[in-house]
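Just so you know, residue 1 is the first one in the sequence shown, and it goes up from there. Computed from a prediction, not measured in an experiment: that's the story for all the values here.
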Amino acid sequence: MAAERGVDERVCLCDTGIEPGALRDAEAEITGVQDIQIARNVIGELGDVPGLGFEAGRRFEPRMHGVWGYAVVTSATLGEALQVAARYVDLGYSLGRVRLEVGTTQVTGVIDYRDVPADVRPFLVERDLSGLLAGFTSAGDAALLRYEVAADLLARLQALVDVPLLASADGLHRFSLPVEVANLPMPQADPHTTAVFERLSAEILDRRRALVGVAGQVREAILRTGVATADQAEVAAALHVSVRTMRRRLTDESTSFRELVAETGELLAKELLAAGLSAEDVGHRLGYANAPSFTRAFKQWTGTSPGRYAGRRR
């Protein structure tokens with residue numbers, strides 16, 4: 001975004017310790033302190049222009065959030081997506097402190113930006129608000145929500161959005177929605193959303209072990225049907241071959257359908273457990289009916305329980 005406005009990449013990265021090559025490395029990590037310095041550099045060149053952070057936030061895609069984005073978009077309901085997003089917010093990009101309050105009639109997210117440096121706070125609040133509105137728009141009607149923002153930013157933020165904003169009395173930012181809206185299912189049946197979490201799954205797996213040939217095609221089909229419900233006949237039909245032909249080609253590549261199901265489930269499960277998700281959360285995302293079913297499968301794959309594995313990783 002800054003480059004489109006004439007700001008050189010090296011200027012954006014000044015005093016961050018980030019090498020330009022890291023921006024093209026999918027596994028590179030950037031700290032909050034570095035993120036703040038980048039924002040400070042961009043603002044220093046372009047000025048504190050209202051809407052600049054909002055534009056930056058519009059360019060975020062779920063895949064940029066890695067395993068955190070995967071966990072959010074594969075949640076069963078909007079409320080669960082919010083709980084996952086708040087619980088594992090350190091894996092995302094927001095620099096505000098986030099908590100979720102679940103009441104009998106409404107669910108409220110509270111974001112505290114008071115520890116974010118004042119010179120970059122408007123930019124970073126805009127960035128978060130842009131992503132928040134985009135997420136709610138894709139999951140339902142953003143107009144059903146109640147938004148409160150810090151009074152000193154109300155006019156600036158209201159000029160950027162169509163939904164009405166209110167000034168908060170304590171300087172905290174909030175979004176609230178009725179419980180019945182939080183219980184709405186996430187739009188996983190939507191082709192775009194389905195494609196998003198399939199791509200995220202594939203990227204997570206490819207970082208651990210890339211596959212090509214028929215094995216790679218079979219793994220992609222397993223991701224679409226779900227690890228827990230993967231069926232040889234369905235996968236073979238998706239590849240337009242018979243089960244016998246698929247088995248023979250996998251044998252030629254020194255693997256089997258059963259091995260690919262186990263490997264796919266194990267790698268995804270380990271990545272999600274390492275990120276801090278519970279066995280129940282991981283099992284749901286892999287298609288298991290309950291946590292015990294997933295635990296049995298995980299023990300078959302690894303010889304240990306999800307809890308013990310996560311404990312060792314911690």
Side-chain angles (χ1 to χ4, degrees), residues 18 22-35 60-76 80-95 97-100 131 135 186 188 196-211 215-216 219-220 222-224 226-230 259-314:
I18 302 171
L23 300 182
R24 286 164 282 280
D25 181 356
E27 295 188 27
E29 293 186 351
I30 293 174
T31 69
V33 171
Q34 291 172 322
D35 196 16
F60 279 36
E61 299 175 20
R63 65 178 181 82
M64 296 179 181
H65 296 284
V67 69
W68 184 79
Y70 174 89
V72 171
V73 301
T74 55
S75 297
E80 182 186 323
L82 290 174
Q83 289 178 338
V84 169
R87 192 181 312 148
Y88 309 114
V89 69
D90 287 347
L91 295 172
Y93 281 97
S94 177
L95 295 176
R97 287 185 284 135
V98 182
R99 71 176 187 272
L100 199 66
M186 289 286 283
Q188 292 177 359
V196 166
F197 72 71
E198 284 177 9
R199 186 170 66 246
L200 288 168
S201 304
E203 289 179 358
I204 289 169
L205 291 169
D206 285 342
R207 288 202 303 270
R208 302 291 291 273
R209 185 189 173 199
L211 290 178
R219 189 168 73 178
E220 290 177 4
I222 292 170
L223 289 173
R224 286 193 294 272
V227 171
T229 56
E259 289 175 356
L260 287 172
V261 170
E263 178 188 77
T264 300
E266 179 181 348
L267 292 179
L268 268 181
K270 285 181 174 179
E271 190 84 9
L272 294 168
L273 288 169
L277 273 70
S278 67
E280 185 176 3
D281 285 340
V282 176
H284 162 70
R285 281 157 182 78
L286 298 186
Y288 289 91
N290 49 53
S293 298
F294 165 66
T295 298
R296 285 193 295 271
F298 191 83
K299 283 183 177 179
Q300 290 177 351
W301 301 332
T302 66
T304 189
S305 70
R308 288 180 179 175
Y309 173 82
R312 287 204 303 268
R313 284 299 299 265
R314 284 195 295 271

Next on the checklist: Between Glu271 and Arg285, does any side-chain N to carboxylate O distance fall below 4.0 Å?
Outcome noted: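 Salt bridge absent between Glu271 and Arg285.
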
Work out which heavy atom in [X] is nearest to a heavy atom in [Y]; give both atom names and the distance.
X      : Y      : value
Leu273 : Ala310 : O-CB, 4.3 Å
Ala291 : Glu280 : CB-CA, 4.1 Å
Gly287 : Thr229 : O-CG2, 4.5 Å
Thr295 : Pro306 : CG2-CD, 3.7 Å

Out of curiosity, [X] [atom1] to [Y] [atom2], how far, rounded to the nearest 0.5 Å?
X      : Y      : atom1 : atom2 : answer
Leu82  : Leu100 : CG    : CG    : 6.0 Å
Ile30  : Ile18  : CD1   : CD1   : 4.0 Å
Asn290 : His284 : CG    : NE2   : 13.0 Å
Asp281 : Leu272 : CG    : CG    : 9.0 Å
Glu263 : Leu268 : CD    : CG    : 10.5 Å
Thr302 : Arg308 : OG1   : CZ    : 10.5 Å

Item to check | Partners passing side chain to side chain contact (heavy atoms under 4.5 Å, CB included) against Ala269 (at least two apart in sequence or in another chain) | outcome: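 Side chain to side chain contact (heavy atoms under 4.5 Å, CB included) list for Ala269, sorted by chain: Val282, Leu286, Phe294, Phe298, Trp301.
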
Item to check | Glu266 atom CD, neighbour heavy-atom count above 12 within 6.0 Å | outcome: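 It does: Glu266 CD has more than 12 such atoms within range.
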
